[in-house]
Amino acid sequence: MSRYDPAPTERKWQAAWDARRSFASNEADGRPKYYVLEMFPYPSGRIHMGHVRNYTLGDVVARHKRGQGFNVLHPMGWDAFGLPAENAARDKGVHPKAWTLNNIATMRAELQRMGLSIDWSREIATCHPGYYAHQQKLFLDLLRGGLAYRKKARVNWDPIDQTVLANEQVIDGKGWRSGAPVEKRELEQWFFAITKFADGLLSALDGLTEWPERVRIMQRNWIGRSEGLRLTFEVVGRAQPIEIYTTRPDTLFGAAFLAISADHPLAEEIAAKDAGARAFVAECHSLGTSEEAIEGAEKRGYDTGLKARHPFHKDQVLPVYLANFVLIEYGTGAIFGCPAHDQRDLDFARKYGLPVPRVVAPVDSANDGLEIKEVAYTGDGILMNSDFLNGLAVAAAKDEVAKRLEAAGVGKREVNYRLRDWGVSRQRYWGCPIPVVHCAKCGVVAVPEAELPVLLPEDARFDQSGNPLENHPTWKNVACPQCKSPARRETDTLDTFVDSSWYFARFTAPRATIPVDRKAADAWLPVRQYIGGIEHAVLHLLYARFFTRALHHTGHLGLEEPFAALFTQGMVGHETYKDENGKWLFPTDVEYDEQGNARHKETGRPVTVGRSEKMSKSLKNVVDPGGIIDKYGADTARWFMLSDSPPERDLEWTDAGAAGAFRFLQRVWRLVDESADALPLAGARPPATFGAEAARVRTATHRAIAKISADLERFRFNVAVARIYEFVNAVTDAKGTAPDDLWARREALEALAKLIAPMIPHFAEEAWARLGHTTLIVDEPWPAHEEALTREDVLTLAVQVNGKLRGSIENVARGLDEASVRALALKEADAQERIKNALEGKPIRKVIVVPDRIVNLVV
RNA sequence: GCCCCUGUGGCGGAAUGGUAGACGCGGCAGACUCAAAAUCUGUUGCCUGCAAGGGCGUGCUGGUUCGAGUCCGGCCAGGGGCACCA
């Protein structure tokens, strides 16, 4: 008996796949195509368990589909631009390019050890000029197509470091390095006109039936289409009125105040003469730019002293406030507040002692106290205290208000989106340079395509504050492409979300001399199955959908939706450990004693075990995949990733689980190895008849094939794993050595090898070879089951009384008709003591028969 | 604050509205062994009972149904996202 030794085995089969170029795909191949893609990694340094999970899931799909006869495209690349490289440059003095390429080399080697069925000849890195040159071309096409433009937008500004901060670099309103209070600063920046596609992006969600419903809901909410009314309020003593946007024009008679954003032009005007307003605006700006910070802050306002006239009751005036919760980006940057029917407005009104007039009464409960206390009433109802609206329902009232205000020329129905245009400018070095030149005479001038790519200068400095491209002594000085006079290069680079918005298209022809080879793209796209983390549910996936539409618009792509099916996987977590001083410990520093108490491996001091959290460097609860592969091999890591937890849920990495996965591999190996020599030759003719035990093995085999095939299609990998266990248990239990037993056993073991091949491919190859085959299992077709062998003719029927299980009837023929089941149940109800007792002698009112499962006696 | 999701034994989890706890981990008992590891066999939701059995049980709470882990309402807890982390 030999023991399964993963290290040499995995090396051997990886070399074999490599030598045969087993995973190279080409579009000329006539078989039906299947493009499976996992979200490409950011090269942070080493792969982590989240990557192992993501790429294992994708590999199972890729190998399964290959087995089913598809021409599979399964590529890999690197989302290689981004902030961490620049931070590393600043902190460690290593150039972003060197840091990134070094990380890629490390991580590529780690991924290759996992034995993924990837076509590495298609590898791309977004920081390579061979990628970003094409992205620059796409940018210019978007610019020409009217989808890229410039406007002013606010950024987080660190006044000490003199640099723009990412939202994650703003902690409690302060710069993460300097600790200085962050300011908002307006810069002229580049935008993509994603809102031009808002309606298409919204309506097409209905067609994405193979996406998780929750992702579609999140995107729908993010786009946030609303039908409302833009209307103007006259301001006492001012020529200029205030324009507001509302989705609840029906509540206009419940208005108690107007609120405008601190970034509204009127706010600036007021702040210029009013020190209190100035202070309030400054306070709003100190919140930073993230919606989370703004919405999470206490609702505050500043009374400007201005009074606005109610559009219908001109003698009624409303106070005008500056408010920290009104966003300039949404609507007109100004609202009217109706405290009775909007929670935020209510909180605000209570704080500043404003009236709370109620104008909507719920339909169903006439006497539901009409007084509003702490909770606003936002439901449907009938209008009251509202002049000509009284008695109308909310929808009719909205319509009536709109009609009258439109007639009066002070209102206009308007469809609005929460979605804002995509700001793509980054004042950073390590990104794709935006290929334009600013000329005093000609304005913004595109860099001629013949001069692309605009390469990043290698000799930038990272030890200063600000944008290294801006600080570079010469790079930005160029001649205007049009008039040849001295001009300035654009020093903003593109958001890295742009890089990841078309990489899936580039993979179809990664070395093409144009950005997208239409022939290849048309052949492969859309991505048939996309797999990645739920954290990308909105931004990345929405940007990629937009960009695909933009490339369709500019003729680079022939489709509008990039991903036909989406699967979102859960995170990988681990227990957390703290020592006596409250310092985090790595799992490798901790061991458990016999009593199950955790202690420090070296010091022996007690360790506090905390709950499982997402693996992160800050909590130190990370397990290095490389170490696991060294210890158990890639197949064990893959098997554990697929066992137990459903892929869409979070998974907790445990040593015990990994060890258990390894033991299972050994057990299966023993089963194959000990059987192999006694089995009939591969391809031997089946015996004429099968005994009872052989028949049982065959039933187990064909059921396993049927169930596991269905489970893999539905991403129920953990259930598929459980079926494999059941199958292995059934085969192990069969000890017969007659020719029919051995033939059935070969059939079972061959099916087993094929069924586990997508999950633990090296092991499957070794088992396949041990069973006497000289072919590779990667080239074998996925097994088919015989339907007749999966069925059992008799089954056990459960008997319930009033829905509670009280007994069962054995050996009932499959598909027995309802009347017979009823008769049988009534007979058994008399015969079986348990059922009889439960009936308590009461008359049976009703008998419910669920075919082949249950009969329920209702008394 | 807003949007979305999740909650089942000691643990990970299974269960087209139809016998809750498949499968695995761990535990307990036993076999093998000088011993240990490895392996194998049995057992394992909780309470009660000698047993047969009975009762309880899918975060809490109310409802729909012959029947609810599953559907609906309200709550609690944890997680993801919130536009410059990727």
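Below, each value reflects all heavy atoms present in this structure, side chains not excepted, and no hydrogens, waters or symmetry copies. To find a chain, count down the sequence lines: A is the first, B the second, and so on, and within it residues start at 1.
A cation-pi arrangement is present between A/Arg418 and A/Trp222 under the rule of less than 6.0 angstrom and at most 45 degrees off the ring axis.
In this pair, A/Phe81 and A/Trp430 present their aromatic rings perpendicular. The plane angle is above 60°, beyond the 30 to 60° band. Using cut-offs of 30° and 60° on the angle between ring planes, the pair A/Phe567 and A/Phe715 is parallel. Classification of the A/Tyr530-A/His540 ring pair by plane angle, with boundaries at 30° and 60°, yields tilted.
A side-chain donor-acceptor contact under 3.5 Å links A/Asn324 to the backbone of A/Glu298. Remark: the backbone N or O of A/Arg154 is not paired with any side-chain donor or acceptor of A/Glu186 at under 3.5 angstrom.
Using C1' as the reference atom, B/G42 and B/C4 are 47 Å apart when rounded to the nearest Å. For B/U65 and B/U70, the P atoms lie 16 Å apart once the distance is rounded to whole Å. If you take atom P in B/C72 and the same atom in B/U6, they sit 11 Å apart, rounded to whole Å. Taking atom P in both B/C28 and B/C46, the straight-line distance is 15 Å, to the nearest Å. A distance of about 13 Å separates the P atoms of B/A15 and B/C23, rounded to the whole Å. Distance noted for atom C1' between B/G17 and B/C5: 23 Å (whole Å). Taking the P atoms as reference points, B/C56 lies 13 Å from B/A20, given to the whole Å.
Between A/Phe191 and A/Asp421 the shortest heavy-atom distance is CD2-O, 3.6 Å. Here the closest non-hydrogen pair linking A/Ile760 and A/Leu665 is CD1-CD1, 3.9 Å. In plain terms, the two heavy atoms of A/Met107 and A/Pro41 that are nearest each other are CE-CB, 4.4 Å.
Side-chain nitrogen and oxygen atoms of A/Asn221 include none within less than 4.0 Å of the OP1 or OP2 phosphate oxygen of B/G81. Between B/C84 and A/Arg426, a contact under 4.0 Å exists linking OP1 or OP2 to a side-chain N or O. Note on A/Asn167: a side-chain N or O is less than 4.0 Å away from OP1 or OP2 of B/A83. The phosphate of B/U19 has neither OP1 nor OP2 within less than 4.0 Å of any side-chain N or O from A/Ser808. Listed pair A/Lys804 / B/C56 meets the phosphate criterion, a side-chain N or O lying under 4.0 Å from OP1 or OP2.
Computed from coordinates, the A/Arg834 CZ to B/U19 C1' distance equals 10 Å when rounded to whole Å.
With both pairing distances under 3.5 Å, B/U70 is matched to nothing as a Watson-Crick or G-U wobble pair. When Watson-Crick and G-U wobble pairs are counted only if both distances are under 3.5 Å, B/G53 pairs with B/U48. Nucleotide B/G7 is matched to B/C76 when pairs are restricted to Watson-Crick or G-U wobble geometry with both distances under 3.5 angstrom. As the counterpart of B/A86, no nucleotide is assigned, since no Watson-Crick or G-U wobble pattern has both distances under 3.5 Å. With a cut-off of 3.5 Å on both pairing distances, B/U16 has no Watson-Crick or G-U wobble partner at all.
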Enumerate all atom pairs, one protein N or O and one N or O from nucleotides 38-47 of chain B, separated by less than 3.5 Å.
residue, atom, partner, partner atom, Å
B/U39, O3', A/Arg670, NH2, 3.2

Protein-nucleotides 64-70 of chain B N/O pairs under 3.5 Å:
residue, atom, partner, partner atom, Å
B/C66, O2, A/Asn856, ND2, 2.4

Pick out the pairs of N or O atoms, protein on one side and nucleotides 12-14 of chain B on the other, that lie under 3.5 Å.
residue, atom, partner, partner atom, Å
B/G12, O2', A/Ser645, OG, 3.1
B/G12, N2, A/Asp644, OD1, 3.0
B/G13, O3', A/Asn718, ND2, 3.3
B/A14, OP1, A/Asn718, ND2, 3.0

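For A/Val155, taking side-chain heavy atoms from C-beta onward, the closest of the listed nucleotides B/G1, B/C84, B/C4 is B/C84. Nearest to the side chain of A/Trp222, among B/A22, B/A83, B/G1, sits B/A83. Of the listed nucleotides (B/C84, B/C82, B/U16), B/C84 has the atom at the smallest distance from the side chain of A/Gln427.
Aromatic ring centres of A/Trp422 and A/Tyr543 lie closer together than 6.0 Å. In this structure, the ring of A/Phe325 has its center less than 6.0 angstrom from the ring center of A/Phe348.
Shown here is A/Lys842, whose NZ atom has no more than 12 heavy atoms of other residues, nucleotides or ligands within 6.0 Å.
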Given the rule in the ring pair (Phe, Tyr, Trp, His ring centres under 6.0 Å) test, do A/Trp502 and A/Tyr131 qualify, once you have shown the distances and angles that lead to the verdict? CA-CA 10 Å; A/Trp502 69 286; A/Tyr131 186 81; 4.5 Å; yes
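Base orientation for B/G9: syn, the chi torsion being within 90° of 0.
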